[in-house]
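Numbering of ligands and ligand atoms starts at 1, following listing order.
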Amino acid sequence: MAIEIRAVTVLGTGVLGSQIAFQTAYHGYRVQAYDIDDKALEAARGRFTTLAATYRAEVMGATDELTERTRAGIGLTTDLAAAVENADLVIEAVPEVLEIKRQTYETLGELAPERTIFATNSSTLLPSDIKDFTGRPDRFLALHFANQVWKFNTAEVMGTAQTDPQVFRAVVDFADSIGMVPIEVRKEKSGYVLNSLLVPFLNAGIELAAGDYADPEAVDTTWRIATGAPMGPFQILDVVGLTTPYNILMSDEQTRGLAAWLKENYIDKGKLGVATGEGFYKYS
Ligand code: NAD
């Protein structure tokens, strides 16, 4: 029998969790959102209000009525048992800390109905790092969204060797049904498809500038003109914000020199990218 997904619970209502909850509710699903305390829920309410305004401004057909119904329809709770008691799918977007993820899944595995599928939105952990804590490795996989889900709408679906193919298929179909373009990753790969391409590309750009071979503008100009791409690596870095790339460069001994260059020339000067008005470029 085909797996039906109607009720979705999102764990963690931070940057990504709030977007996933909103996008899912916007597409007509019953959505419950869970976070650890009232302060976090209050922040979530603020995020949903901002998202409603953003959808009205940026998503075609997002009327006042639809975005208001979406915002008001998302259930918010600090009671995990209540949050998951009817869930067909739980999407987890709690902090990117292995211990927090494992503890979350241990509790979740005991509270959720047997049929419930669990999906992690983790950017850097493999589902294999977590699967043994879920109590149901056959119904567990990664569903990885990109920041600003309403416009950067890829959803990378990646299971472990133990993930039931029917579960994988159901999650691919679910992603499609909420307006995502599902990307099927056939076996586990750190970085999925997107970051496997993007991280080495951005690092190569930084290496050219840090090594004083060419300045950031020249690197971007080359890439844009020679390939027809709309943005070069430094324009992308400005949009992403420099902190995450810095942390990634710091995590590998071989790229620490590039991290130091980023820090000294940009981060320490408050040039963190578009969000701060200046990064490699100035923004008004
Ligand atoms: P965030 O810090 O903005 O939000 C995390 C939320 O989880 C907070 O609301 C926090 O209160 C809550 N939380 C803390 N402990 C919890 C617990 N034990 N149980 C439930 N909730 C808890 O983080 P984020 O940027 O939304 O990232 C969440 C996940 O999404 C991470 O795995 C991250 O790798 C992934 N992700 C992030 C991005 C991004 O651009 N930010 C993109 C793709 C994937």
* Smallest separation among heavy atoms of Ile20 and Thr24, with atom names -> O-OG1, 2.7 Å
Parallel, tilted or perpendicular: which fits the ring planes of [X] and [Y], with parallel below 30° and perpendicular above 60°?
| X | Y | result |
| --- | --- | --- |
| Tyr281 | Tyr283 | perpendicular |
| Phe234 | Trp261 | perpendicular |
| Tyr192 | His144 | parallel |

* Close side-chain approach of Asn121 to Glu92, heavy-atom, < 4.5 Å -> no
In the protein, which heavy atom is nearest to [atom], and how far is it?
| atom | value |
| --- | --- |
| atom 36 (N) of ligand 1 | Ser123 OG, 3.2 Å |
| atom 19 (N) of ligand 1 | Val94 CG1, 3.6 Å |
| atom 25 (O) of ligand 1 | Val15 CB, 3.8 Å |

What do you reckon, does [X] have a nitrogen or oxygen under 3.5 Å from a nitrogen or oxygen of ligand 1?
| X | answer |
| --- | --- |
| Asp35 | yes |
| Gly14 | yes |
| Ile36 | no |
| Lys101 | yes |
| Asn121 | yes |

* **Non-hydrogen protein atom less than 4.0 angstrom from atom 15 (N) of ligand 1** => yes
* To do: Check whether any protein heavy atom sits under 4.0 Å from atom 27 (O) of ligand 1.
  => no
Ligand-residue contact atoms, ligand 1 with [X], heavy atoms, under 4.0 Å:
| X | result |
| --- | --- |
| Tyr34 | 19 (N), 20 (C) |
| Glu96 | 31 (C), 32 (O), 33 (C), 34 (O) |
| Asn147 | 40 (O) |
| Ile100 | 18 (N) |

* For the ring pair Trp150 and Phe22, is the centre-to-centre distance below 6.0 Å? -> no
* Tyr29 and Phe174: aromatic ring centres closer than 6.0 Å? -> yes
* **Sub-4.0 Å heavy-atom contact, Thr13 with ligand 1** => yes
* Heavy atom of His144 under 4.0 Å from ligand 1? -> yes
Taking NZ, NE, NH1 and NH2 as the nitrogens, is one of them in [X] or [Y] under 4.0 Å from a carboxylate oxygen of the other?
| X | Y | result |
| --- | --- | --- |
| Arg102 | Glu106 | no |
| Arg47 | Glu42 | no |
| Arg71 | Glu68 | yes |
| Glu264 | Lys269 | no |

* Asked: For ligand 1, which part of Thr124 has a heavy atom less than 4.0 Å away: the side chain, the backbone, both, or neither?
  -> neither
* Structure fact -> Quick look: Phe145 vs ligand 1, heavy-atom contacts under 4.0 Å, and the answer is backbone
* Of the listed options Leu16, Leu11, Val10, Val240, closest to atom 41 (N) of ligand 1 (non-hydrogen atoms) -> Leu16
* Asked: Between the candidates Pro95, Gly12, Ala44, Ser122, which shows the shortest non-hydrogen contact distance to atom 13 (N) of ligand 1?
  -> Pro95
* Asked: How many angstroms lie between atom CZ of Arg224 and atom OG1 of Thr222, to the nearest 0.5 angstrom?
  -> 9.0 Å
